[in-house]
Amino acid sequence: MSDLAKDAWRKYLIQLQAHPLRTKAITAGVLAGCSDAIAQKISGVKRIQFRRLLLLMLYGFAYGGPFGHFFHKLMDTIFKGKKGNSTVAKKVLLEQLTSSPWNNFLFMSYYGLVVEGRPWKLVKHKLGKDYPTIQLTAWKFWPIVGWVNYQYVPLQFRVLFSSFVASCWSIFLNLKARSPVIKNA
């Protein structure tokens, strides 16, 4: 690793130790912005839509990072002192039955209402149409991530790890949450 990267990582760890919530919020916001820029390019956008990118960064900063911070602290409290595969399985199951459905619902709602500015009626229709497929896909993907996170990642890095993976997942969600452009005939 280069000296620059080592120094940046050292400074990040200092911030994570001194200001965990703020650092996780900023990290989640930056990663949300990066994933949106990638999703926009994949979807064929010629010029980056900065309003959309900033709104998704706001979502990561204001919700994604803080939610992950407090959720992982809560999970550690619920399962305090318990280790082993059985405990990891229980954590993954609890996460998949609570935060996974909520986070996917909230992201799709935020995307439709705030990012796209659609009325609730259209967002509700989009949720009814696409949410079940998205949640079923999440249940195929996220339990593996959760297992790795709870089994191998220290508590202070869990939000960083899940935010990084979520940035990849967000590319998928971004592409699914977008409403198709309706052209006038």
Side-chain angles (χ1 to χ4, degrees), residues 21 24-75 78 90-147 149 158-159 161-185:
L21 179 58
K24 291 170 189 175
I26 292 168
T27 302
V30 168
L31 288 171
C34 291
S35 71
D36 182 59
I38 293 167
Q40 286 190 47
K41 285 298 176 185
I42 289 172
S43 68
V45 171
K46 300 287 186 238
R47 290 182 43 190
I48 295 289
Q49 299 167 1
F50 285 104
R51 179 186 175 278
R52 170 182 145 169
L53 186 129
L54 291 173
L55 286 171
L56 289 168
M57 287 180 77
L58 177 64
Y59 180 86
F61 174 78
Y63 175 76
F67 178 86
H69 173 81
F70 290 113
F71 183 79
H72 287 293
K73 284 181 81 159
L74 175 65
M75 292 292 267
I78 291 171
K90 290 174 187 172
K91 285 180 177 182
V92 170
L93 182 63
L94 183 58
E95 179 180 81
Q96 293 307 304
L97 293 176
T98 58
S99 75
S100 177
W102 168 250
N103 284 332
N104 289 322
F105 171 81
L106 188 65
F107 179 85
M108 290 185 71
S109 298
Y110 177 85
Y111 195 95
L113 293 168
V114 177
V115 177
E116 293 186 321
R118 305 264 179 186
W120 172 244
K121 185 177 178 181
L122 292 177
V123 173
K124 185 175 156 186
H125 175 74
K126 178 89 171 140
L127 280 164
K129 185 173 147 268
D130 292 344
Y131 177 80
T133 303
I134 287 170
Q135 189 55 51
L136 288 173
T137 303
W139 281 331
K140 294 173 188 171
F141 174 74
W142 280 101
I144 297 163
V145 174
W147 186 273
N149 209 10
R158 287 188 188 147
V159 174
F161 176 75
S162 56
S163 289
F164 177 75
V165 176
S167 67
C168 299
W169 173 252
S170 292
I171 294 168
F172 165 76
L173 267 187
N174 243 313
L175 297 171
K176 289 297 279 180
R178 279 182 33 207
S179 295
V181 176
I182 301 170
K183 296 182 179 177
N184 295 333

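Without hydrogens or angle criteria, Trp120 side chain to Leu113 main chain gives no donor-acceptor distance under 3.5 Å. The backbone N or O of Leu97 lies less than 3.5 Å from no partner atom in the side chain of Ser100, so there is not a single donor-acceptor pair. A donor-acceptor contact shorter than 3.5 Å links the side chain of Arg51 to the backbone of Val115.
Taking each heavy atom of Gly65 and Ala28 in turn, the nearest pair found is N-CB, 3.4 Å. Taking both residues in full, the closest heavy atoms of Ile42 and Ile171 are given as CD1-CG2, 3.9 Å, listed atom of the first, atom of the second, then distance. Between Gln96 and Ala138, the shortest heavy-atom contact is OE1-O, 4.1 Å. When all heavy atoms of Gly33 and Leu53 are compared, the pair lying nearest together is O-CD1, 3.4 Å. Listed here is the closest heavy atom pair of Gln40 and Gln49: OE1-N, 2.6 Å.
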_Derivation and outcome, side chain to side chain contact (heavy atoms under 4.5 Å, CB included), residues Val145 and Phe164_ = CA-CA 11 Å; Val145 174; Phe164 177 75; over 6 Å; no
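Relative ring orientation between Tyr59 and Tyr110 is described as tilted, the plane-to-plane angle lying within the 30° to 60° band.
More than 12 heavy atoms of other shown residues, nucleotides or ligands fall within 6.0 angstrom of atom CZ in Phe141. Applying the 6.0 Å contact sphere to CG of Leu122 captures more than 12 heavy atoms from other residues, nucleotides or ligands.
One distance of note links NE2 of His69 with OG1 of Thr27; it measures 12.5 Å at 0.5 Å rounding. Annotation: the span from Gln135 atom CD to Met108 atom CE amounts to 10.5 Å, rounded to 0.5 Å. Taken from OG in Ser163 to CZ in Phe67, the straight-line distance is 11.5 Å, to the nearest 0.5 Å. Between the CG atom in Asn149 and the CD1 atom in Ile144 there is a gap of 13.5 Å [rounded to 0.5 Å]. In this structure, CG on Leu127 lies 10.0 Å from NZ on Lys124, to the nearest 0.5 angstrom. Atom-to-atom distance recorded for Asp36:CG and Met57:CE is 10.0 Å, nearest 0.5 angstrom.
For Tyr111 and Arg118, the side-chain atoms include no donor-acceptor pair closer than 3.5 Å.
A 4.5 Å side-chain heavy-atom check between Leu74 and Phe70 finds every atom pair outside the cut-off. Residues His72 and Glu95 meet the side-chain proximity criterion, which asks for heavy atoms closer than 4.5 Å. With a 4.5 Å cut-off on side-chain heavy atoms, Phe71 and Val159 do not count as touching. When side chains are defined from C-beta on, Phe107 counts as touching Leu56, because their heavy atoms get closer than 4.5 Å. Residues Trp169 and Ser35 form no side-chain contact, since every pair of their non-hydrogen atoms from C-beta on lies 4.5 Å or further apart.
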